Number of protein chains: 2
Amino acid sequence: MAGRGRLRRVTLRDIADRVGVTPTAVSMALADNPRISANTRQTIKATAHDLGYVPSSAARALRNQRAGAIALIVPTTATHVFGHSYFMHVLEGTSLVANERDVQLLVSTNRDTEHGLAAYERVMRSRSADGAILTSAAIDDPMIEPLIASGLPVVMIGSFPYLPSAVTVGVDDRAASRAMTEHLITAHNRTSLLHISGTLDHQTGVDRRDGFLDAVRAHHLEGDARIVEGDLSEESGRRAIADLGEQIREIDGLVAANDDMAFGALTALRSIGLEVPADLSIAGCDDFGLARVTTPSLTTIRVPAKELAQVATTRLFEIMDGKDGWHRHVLEVELVLRQSCGCQPLDDTDDAASVLEI
Amino acid sequence: MAGRGRLRRVTLRDIADRVGVTPTAVSMALADNPRISANTRQTIKATAHDLGYVPSSAARALRNQRAGAIALIVPTTATHVFGHSYFMHVLEGTSLVANERDVQLLVSTNRDTEHGLAAYERVMRSRSADGAILTSAAIDDPMIEPLIASGLPVVMIGSFPYLPSAVTVGVDDRAASRAMTEHLITAHNRTSLLHISGTLDHQTGVDRRDGFLDAVRAHHLEGDARIVEGDLSEESGRRAIADLGEQIREIDGLVAANDDMAFGALTALRSIGLEVPADLSIAGCDDFGLARVTTPSLTTIRVPAKELAQVATTRLFEIMDGKDGWHRHVLEVELVLRQSCGCQPLDDTDDAASVLEI
DNA sequence: CTGAAAGCGCTTACAG
DNA sequence: CTGAAAGCGCTTACAG
């Protein structure tokens, strides 16, 4: 069957020859240009269909000077930043908008090199995309500036205070982290708090840590607050608990910078006989799937990854169309109160006790 | 900054004019064609770099009659078939191989229409990919034949007995399901077995059910065996248990066609006071993330999704290169024995008690 | 060995 | 209103 397709491809000329017009006329007819009479148009379309005509995207792209595609760039470290499920949601949101515009979606990842150089280069070193969504880039990622300087329209997901002119979509990680920490303090009377931070080379990690500190300071609990730096992996959550040794027994509240680490901490706590939420309240961040299925289920901050991607992609098309618009957009997050903080009884199998918008 | 990039793009002609040669010479120099002297080549490359030359993928594609991209086609129903994490693994495997070949990866999804027609059409109706990986297609998906007939090289992940000439990569779902069922029978003395099947419009669902039946028959347990049809969702796992009513108390072993349903069943069983694995042994299938984090953790069949995608993509490139090779390739799966069957103690926090290759 | 044309398949600006 | 050329940016086959 490959044979059939290996035959020379059907072009406008083939249709033109069959119908007895010029390729120009065929092009116009297929584009419903009123210059071509309804009659001829119909004949041409029928012939195109009969011959199995498929337009050449390469020829179109060359002629129109548009690739007809956008790229989703995911530098290496992405896996570590949010984990797999985050990326699925982003892909879903981006696809949705790209599909509406009938534009192809290129996914440029790089798993091998440290900074995902190739992920950028693949997009920059060929004009195969008319714009790009960049997600999960590190604060000091050296490729962001060249990417933007290349003139390719770019929308970034995340927070990049050092690139004030960049177009970005994100959430207020600091306020969210503060709200969650204050929930443990005010709703559960937790006073000796631990934060397991994310990687501090990503703004998200810095902001979530600072939000934790904001809450702790506002309630004058700095004296009993601790911060351990993690790397967003489940294992680093486990290690954070192990490294604290006996000090962990002084802690009654834990805010982790993501759900994976919260889960790692949960298993570590369980293995040394501490109960959640009886002995400690735990909160995570992300709600990309894990938090709902653990026992106890994890209280967390729901990050609207799919919506972030949708908004970013919609804005990207605006930029590609030359439209003005915002440079920074912030989406709301929700606190999802489940079992690990104590809001929801352990025998309650509903998804969550309640959801708080902040 | 967009302004910079909006300037006319740098082409071979710009470099040629600057250096004082023809675009042909520039093209050859950049391709390291020995026809161009080392000296000139160097000057040309330096100039190309200075001007920020980026080749036009569209022009190349048109000239070379190759798009320089492959597509990953995911029909709508994909989400239901394996869930998000499956797709992440496939994307990872496909990216890996495409990256090695320096080929772009197009992801063509369709979330809206019933059969994901657009996902196929986007790839077929433009020559934007030189080949395609198709995953999670239904047995009777009406687009598979047109896709293959279109002449585009295609490798499918899964099992398609009705398309004997198609190139496919998969696992032996039937044997795996049989092995898992027999594990419950022989290692845990379970004799009254329930299977919650997947959707039977996918071969996977049929094969896993048939494997269950094979085991049950081989051990003469047909009389006490039950099958409930699910749809791979967690909710359908819950519903399967609820619908059985009091009959569930007769059952001592459950094999679900995926982990989501196994987890749904687990929560439903818990809510009516049944304990796993004390009262029932449970097994799922997939091991894409969920099974490891639940309490109890789920015994499951590990489906090597990433490897399937790698093998499929490698084979796709062979076909695109005109090389002969296999039409059907089967990868091995493993039984991952965790807590839900009874192999691993509930207080053991290791990943799994043991892993069996089958 | 080297120079310059042809042509991939489109679409639109131009000439008649 | 309609016909046919020009040209997007490449690469390779061809002529000298």
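The structure displayed is predicted, hence computed values, not measured ones. First the proteins, then the strands, lettered A, B, ... as listed; each starts at 1.
The listed nucleotides are C:dG9, C:dA6, D:dA4; the one nearest the side chain of A:T22 is D:dA4. Listed candidates were D:dC8, D:dT11, C:dC10. Nearest to the side chain of B:N64 is D:dT11. For B:L12, the listed nucleotide lying nearest its side chain is D:dC10; candidates were C:dC8, C:dT12, D:dC10. The A:T11 side chain lies nearest to C:dC10 when the options are C:dC10, D:dT11, D:dC10. Here D:dA4 is the nucleotide among D:dA4, D:dG9, D:dT11 with the atom lying nearest to any side-chain atom of A:T24.
Atom P of D:dA13 sits at a distance of 22 Å from the matching atom of C:dC10, rounded to the whole Å.
Among the protein residues, A:S56 comes within range of the sugar-phosphate backbone only, with heavy atoms under 4.0 Å from sugar or phosphate atoms but none that close to a base. B:R13 comes within contact range of no nucleotide atom at all, as no heavy-atom separation falls under 4.0 Å.
With salt bridges taken as basic N to acidic carboxylate O contacts below 4.0 Å, one links B:R101 and B:D321. At a threshold of 4.0 Å, the pair B:R18-B:D14 does not count as salt-bridged, since none of the basic side-chain nitrogens sits closer than that to a carboxylate oxygen.
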- Task: Please assess A:V107 against A:F87 for the test side chain to side chain contact (heavy atoms under 4.5 Å, CB included), listing each intermediate value before the final yes or no.
- Result: CA-CA 11 Å; A:V107 178; A:F87 182 60; 3.9 Å; yes
- Message: Under the criterion side chain to side chain contact (heavy atoms under 4.5 Å, CB included), I'd like the reasoning laid out for A:V54 against B:M124: C-alpha separation, chi angles, the key distance, then a yes or no.
- Response: CA-CA 8 Å; A:V54 175; B:M124 293 172 63; over 6 Å; no
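Nearest-nucleotide positions on DNA chain D for B:L62 and B:M28 put B:L62 closer to the 5' end. With the nearest nucleotide of DNA chain C identified for both B:R127 and B:I36, B:I36 has the one nearer the 5' end.
One interatomic measurement links the two molecules: CD1 of A:I44 to P of C:dC10, which rounds to 14 Å at whole-angstrom precision. One atom, CG of B:D17, and another, P of D:dG9, lie 13 Å apart when rounded to the nearest Å. In this structure, A:R63 atom CZ and C:dT12 atom P are separated by 6 Å, rounded to whole Å. The interatomic distance linking A:I15 (CD1) with C:dG9 (P) rounds to 12 Å, in whole Å. Straight-line distance from the CG atom of B:D130 to the P atom of C:dC8: 18 Å, rounded to whole Å. Between the CZ atom of B:R9 and the P atom of D:dG7 there is a distance of 19 Å, rounded to whole Å. In this structure, B:R41 atom CZ and C:dT2 atom C1' are separated by 15 Å, rounded to whole Å. When rounded to the nearest whole Å, the span between CG of A:N33 and C1' of C:dC10 equals 15 Å.
Atom CZ of A:R328 has more than 12 heavy atoms from other residues, nucleotides or ligands within 6.0 Å.
On a pure distance criterion of 3.5 Å, a polar donor-acceptor pair joins the side chain of A:R35 and the base of D:dG3.
For the side chain to side chain contact (heavy atoms under 4.5 Å, CB included) test with B:V155, the passing option among B:V311, B:T313, B:V169 is B:V169; the others fail.
Base pairing analysis places D:dA15 opposite C:dT2; the two distances defining the Watson-Crick or G-U wobble pair are each below 3.5 Å.
Listed pair A:Q65 / D:dG9 meets the phosphate criterion, a side-chain N or O lying under 4.0 Å from OP1 or OP2.
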